[in-house]
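A quick note: this is a predicted structure, and the numbers were derived from the prediction, not measured. Chain A is the first sequence line, chain B the second, and so forth, proteins listed ahead of strands; every chain is numbered from 1.
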Amino acid sequence: MTHIEKFSYDNKIVRDFGIATVIWGIVGMLIGLLAAIQLYEPAANLGNPYTTFGRIRPLHTNAVIFAFVGNAIFMGIYYSLQRLCKARMFSDLLSKLHFWGWQLIIVAAAITLPLGMTSSHEYAELEWPIDIAITLIWVIFGWNMFGTILRRREKHLYVAIWFYIATFVTVAVLHLVNSFQLPISLFKSYYWYSGVQDALVQWWYGHNAVAFFLTTPFLGLMYYYLPKAANRPVYSYKLSILHFWTLIFIYIWAGPHHLLYSSLPNWAQSLGTAFSIMLIAPSWGGMINGLLTLRGAWDRVREDAILKFFVVAVTAYGMATLEGPLLSLKNVNAIAHFTDWIVAHVHVGALGWNGLMTFAMLYWLAPKIYNTKLYSMKLANTHFWLATLGIAFYAIPMYWSGWQQGQMWKDFGPDGYLVYPEFIKTTMSILPMHVMRSIGGTIYLTGVFVMAYNLYKTVKSGRLVANEAAEAAPLLNNENHGKEYWHRIIERKPTLMLVLSLIVIMIGGAVEMVPTFLIKSNVPTIAAVKPYTPLELEGRDLYIKEGCVGCHSQTVRPFRSETERYGEYSKAGEFVYDHPFLWGSKRTGPDLAREGTAKLFKQDSWHYYHLVKPSEMTQGSIMPPYPWLTTNTLNTSQTVSKIKAMRTLGVPYPKDYEKQALSDLKKQAEKIAANLKKEGVRNKDKSEVSPDVEVIALIAYLQRLGTDISKSETTNP
Amino acid sequence: MFKQFISGVEGMDQYLIFSMIVFLVFFAGVLIYVVRMTKEEIDILSNIPLNDKETDSHE
């Protein structure tokens with residue numbers, strides 16, 4: 001006979017993560033709304049660098065992914081893991097460190113991103129000191145989770161825990177691999193990888209951040225909270241096992257589908273496409289398993305807002321995971337990539353799947369841990385309809401807009417010329433859809449406020465059960481009959497699971513990346529491609545700082561519509577000195593890969609005026625004005641260390657070049673300033689443009705873009 | 001379409017074939033494991049979330 005152990009569950013940590021989820025959710029969505037308005041009303045950039053779209057956009061994505069969804073994941077895991085293991089969290093101290101550490105990281109992001117401190121890698125923009133902090137906090141989370149699992153009183157590991165383990169392992173690997181940076185100063189670093197390789201690593205990361213931060217933890221949560229809310233076991237446990245292993249196996253290979261038609265080697269693109277199509281099977285297996293769990297409970301779905309949230313969340317998951325593989329087909333991707341279609345796609349996932357799942361968990365958890373009833377099911381139902389309508393009003397205009405702009409970019413007239421050679425015409429045609437989108441977002445956000453009120457009233461009507469009493473028999477360690485061997489294996493399972501998940505995800509990553517890194521022929525070199533001059537390098541860093549990459553791609557795809565519009569398509573060898581790569585993923589404005597070539601040539605004065613007030617040079621432009629570039633003095637204090645760092649990374653600056661870097665920089669800046677003077681450019685106060693201001697460096701960089709190849713064309717007739 | 005994929009691969013087809021074989025072997029392994037699970041095992045496992053004392057939960 002074994003005795004029953006008494007212990008308690010920590011609900012306080014669940015409550016804390018819950019509060020953080022709601023607060024950061026509201027913050028992240030408000031920033032998103034501001035960014036959405038900026039995309040049809042440039043005045044909403046508020047005339048200062050800190051609230052300009054390029055800096056606000058990464059703040060929005062980071063806030064929603066890592067602050068809102070991140071805290072929701074931890075809230076959900078900290079509640080369910082304790083119950084599934086029949087054990088309190090391993091250490092209250094680790095729980096607290098995890099909570100406060102994560103919030104501090106969010107605050108650090110909220111400060112550094114508006115200041116323009118960014119690595120430019122999407123969803124990994126935070127600079128290296130914050131990356132290290134994330135690593136530490138993630139280790140604390142894993143330690144706490146594994147400690148709990150090892151001390152559990154439940155023999156078996158429920159499938160939800162597998163998803164939590166895979167999340168922990170994979171996010172750790174992704175974060176480490178994608179954070180190889182060479183620091184220049186406290187908040188500036190260059191990526192170790194360059195060009196095509198950097199792109200491959202970034203999208204291996206970016207794609208799997210969606211997979212293992214926005215998907216697998218939420219699937220684990222679905223396998224716990226959906227059965228709880230419906231009060232019946234999951235439809236098919238066997239399917240859930242198959243779902244788990246195939247999902248984590250396949251997901252990790254699919255990253256290259258973000259780089260279709262780029263200069264990434266073709267075989268890697270094909271690999272990405274093939275595995276993306278295969279992903280439909282496990283994703284839909286999971287969706288069907290979730291929906292069928294409600295079999296026989298559909299009558300309750302009519303009244304219970306929580307179940308409604310679950311149903312629409314799981315349906316949104318199914319839609320997004322069918323759409324994703326379809327977008328990975330090259331012919332579909334050719335139309336959708338760089339347009340608002342992708343924005344619609346991610347928001348069906350974020351607002352539908354992550355958002356609604358989070359709301360369902362919050363509504364279910366708050367009354368539980370406060371030992372009370374939900375204040376108003378009616379308000380929760382109202383929220384459900386606001387959220388669902390909000391998603392529709394957001395997504396439909398964006399699909400429309402994406403399709404329309406994608407078609408306009410490719411439209412050729414009977415005379416064989418582009419029908420819309422001016423990019424701005426395609427932008428202006430979709431502005432009404434941008435307005436609609438911000439209305440959809442506002443509706444969705446209104447729902448979140450309704451929820452916050454409802455949860456507040458619920459919490460007020462109860463009392464937090466900070467330590468919830470529980471009891472369970474301890475696990476038997478010393479059984480002496482024939483089955484001992486199997487018990488032992490089961491007890492070792494968490495570690496086994498960790499190792500297996502690690503192996504499974506490493507295979508995919510290795511096959512994708514090792515060849516590209518080892519085989520030189522994968523990136524054919526182009527003799528005419530030379531390192532950036534010191535001034536261009538500084539200009540490039542300004543381009544990164546201002547977040548230009550958020551709206552301008554730098555890769556011309558091999559389509560006639562693009563070579564007609566922009567010039568020669570991009571080659572892998574052109575990017576070998578680009579630490580980081582700046583191909584971008586969205587064309588709110590035109591591609592800039594060939595901005596400096598004769599075909600697209602614009603005078604220095606055009607760039608000057610355009611940066612100061614874009615709408616004066618391009619009527620109807622929604623690009624924000626950057627007047628501070630003409631008054632801020634270019635900071636050259638790090639130029640020398642930047643050149644040295646680049647050389648460490650393999651950029652062939654001649655020996656001791658750093659000694660003349662600053663004088664070269666000055667010479668080139670004076671030349672551009674003289675050009676501006678010649679072209680009649682004056683500052684607002686009628687003074688001449690000084691060669692030391694930031695705009696000079698940015699012009700130097702823009703004028704350099706894409707010119708290497710045209711040089712090679714002239715030298716090799 | 002498949003022909004187009006392979007023709008663009010330029011001698012790297014072994015990576016595609018390798019990846020496919022690894023996946024199929026892995027998938028077969030998981031499938032065998034799942035098929036061999038007994039009904040009792042499945043019942044125990046799938047009821048774990050409902051087995052804490054607040055099973056009644058959510059009304």
#### Entry: chain A contact via B:I44 - side chain, backbone, both or neither, heavy atoms under 4.5 Å
side chain
### Query
At a heavy-atom separation under 4.5 Å, does B:F26 approach chain A through its side chain, its backbone, both, or neither?
side chain
Proximity breakdown for [X] and chain B, heavy-atom pairs closer than 4.5 Å:
X	value
A:F244	neither
A:I250	side chain
A:L242	both

### Task
Nearest 0.5 Å please: distance from the CZ atom of B:F27 over to the OG1 atom of A:T246.
6.0 Å
### Message
So, taking the atom named NZ in A:K238 and the one named CD in B:E41, what distance separates them when rounded to the nearest 0.5 Å?
### Response
9.5 Å
Please say whether more than 12 non-hydrogen atoms of neighbouring residues, nucleotides or ligands are located less than 6.0 Å from [atom1] in [X].
X	atom1	answer
A:F249	CZ	yes
A:M506	CE	no
B:R36	CZ	no

#### Entry: A:Y237, A:Y235, A:Y223 screened by side chain to side chain contact (heavy atoms under 4.5 Å, CB included) with B:S46, the one that passes
A:Y237
### Query
Under the criterion side chain to side chain contact (heavy atoms under 4.5 Å, CB included), which of B:L50, B:L45, B:N51 is the partner of A:P233?
B:L50
### Task
With sequence neighbours excluded, tell me which residues meet side-chain contact (heavy atoms from CB on, under 4.5 Å) with A:S276.
A:A254, A:H257, A:S328
### Task
Could you list the residues that satisfy side-chain contact (heavy atoms from CB on, under 4.5 Å) with A:L294, not counting sequence neighbours?
A:L226, A:A230, A:W298, A:V301, A:L307, A:V311
### Task
Among the options A:W253, A:F275, A:W245, pick out the one with the most heavy-atom pairs lying under 4.5 Å from chain B.
A:W245
### Query
Can you name the nearest heavy-atom pair linking A:H156 to B:I48, along with the distance?
CB-CD1, 3.8 Å
### Query
Any sub-3.5 Å donor-acceptor pair from A:K228's side-chain atoms to B:P49's backbone N or O?
yes
